[in-house]
Peer 1: 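Here it is, the structure in full.
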Amino acid sequence: MTKVLIVDDEKSIRLTLREMLRKNGYEAEMAEDVASALKKLDEQEFDVVMTDIVMPKVSGLELLKAIRERCRSVQILIMTGDPSVETASQALHHGANDYLIKPIVKEDLLKAVGHASEIKALSDQKKRLELENQLYQKNLERIIEQKTLDLQNTMESIISLLSTVVEVRDPYTAGHQRRVGNLSAAMARKMGLKEDTIKMLRIIGYIHDIGKIEVPAEILSKPGKLSEVEFMLIKNHCTTGYNMLNEVNLPKIIGETIYQHHERCDGSGYPRGLKDEEISTEAHILMVADVVEAMMSHRPYRPALGLAAALGEISSGRGVRYRNDIVTACESLFLEDHYEIEDTVYHTTFPVV
Ligand SMILES: [Fe+2]
């Protein structure tokens with residue numbers, strides 16, 4: 001029910017208006033001056049305020065200003081015995097919505113209050129809809145956030161599973177993928193690459209030899225020299241890894257980098273003999289990290305060769321097999337920052353690409 005506050009210093013007017021409004025289905029309260037009107041407005045919610053302009057102590061215009069400072073949506077009707085344009089414009093300037101000329105007749109009162117009541121109801125409805133819309137948006141954002149998190153967790157567990165699968169198959173290189181992933185990420189950070197690229201490189205490193213799943217275990221763990229056929233089977237792991245990852249819904253950069261991680265700048269790599277810019281930056285980084293980590297680690301057919309030999313290899317291939325800036329980043333990481341090979345699995349959030 002629409003609630004109206006009548007503010008007038010003349011008691012008879014207050015009572016008459018209240019009676020007319022109550023008889024026509026409105027809830028009506030009265031106040032004899034601005035102070036008691038403001039007190040009532042503090043205590044209760046009103047839809048419409050009808051106020052006299054000329055009152056002792058504080059005028060109705062002051063009340064208008066005070067109400068507008070508190071609430072934009074309450075409808076304010078002023079009542080005046082002076083129907084001049086100036087009074088009306090002053091009242092509208094101070095936030096009144098309409099005015100009634102005294103003496104007020106019933107029809108005019110009901111028409112003005114009815115109209116004010118409709119506007120207030122529409123304004124309340126608009127506010128409600130805006131609030132509902134805001135809540136809906138917030139809820140939607142929460143759902144999207146949760147779904148993104150779920151997707152990232154799923155992708156991370158797929159990566160972790162793939163990483164474990166290769167390691168079970170090829171225990172001699174256990175940890176190699178983790179260490180290459182961590183080294184690639186550290187090199188990418190050293191080069192000032194974006195956080196998402198760093199995260200992605202770590203993930204790619206963790207599974208970059210997934211294609212070895214297709215290589216017979218006895219070849220992977222063979223201590224002696226490999227035959228040409230055996231070597232060809234091992235070399236095929238880049239293509240196998242690429243094909244495997246191409247079939248799952250993971251970012252394309254993962255499969256593509258795995259495909260390219262044995263290519264070399266001068267085209268001497270495999271499987272496609274790509275050169276320079278034909279190779280992605282991610283693959284350029286991964287190939288250097290892969291070579292360095294592999295040389296520093298023990299293999300079934302040789303002992304660990306150490307940091308100096310690993311850095312010697314990339315230095316001798318600088319600008320030929322390996323990209324110049326990446327060799328510099330790797331050297332600086334080990335020689336200036338004293339980076340140590342890390343075997344830890346870092347659970348990074350899967351970058352959304
Ligand atoms: Fe490899």
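Atoms within a ligand are numbered from 1 in the order they appear, just like the ligands themselves. No hydrogens, no waters, no symmetry mates; every other heavy atom, side chains included, goes into these values. Bear in mind that the values here come from a model prediction, so they are computed numbers and not experimental data.
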Peer 1: For the Fe ion (ligand 1), which N, O or S atom of His262 is at the shortest distance?
Peer 2: NE2

Peer 1: At the Fe ion (ligand 1), what is the angle formed between atom NE2 of His237 and atom OD1 of Asp209, rounded to the nearest 10°?
Peer 2: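 Computed angle, vertex at the Fe ion (ligand 1), rounded to 10 degrees: 80°.
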
Peer 1: Of all the atoms in His208, is at least one N, O or S atom closer to the Fe ion (ligand 1) than 2.8 Å?
Peer 2: no

Peer 1: So, Tyr259 and Asn243: side-chain donor and acceptor under 3.5 Å apart, yes or no?
Peer 2: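 Asn243 and Tyr259 do not have a side-chain donor-acceptor pair below 3.5 Å.
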
Peer 1: Go through the side-chain N and O atoms of Arg272 and Thr239 and say whether any donor and acceptor fall under 3.5 Å apart.
Peer 2: no

Peer 1: Does the side chain of His208 pick up a donor-acceptor pair with the side chain of His262 at under 3.5 Å?
Peer 2: no

Peer 1: Do the side chains of Ser184 and Ile204 get nearer than 4.5 Å, heavy atoms only?
Peer 2: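 Result no, sub-4.5 Å side-chain heavy-atom pair not found.
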
Peer 1: Could you tell me whether any N, O or S atom belonging to His261 is less than 2.8 Å from the Fe ion (ligand 1)?
Peer 2: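 True for His261.
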
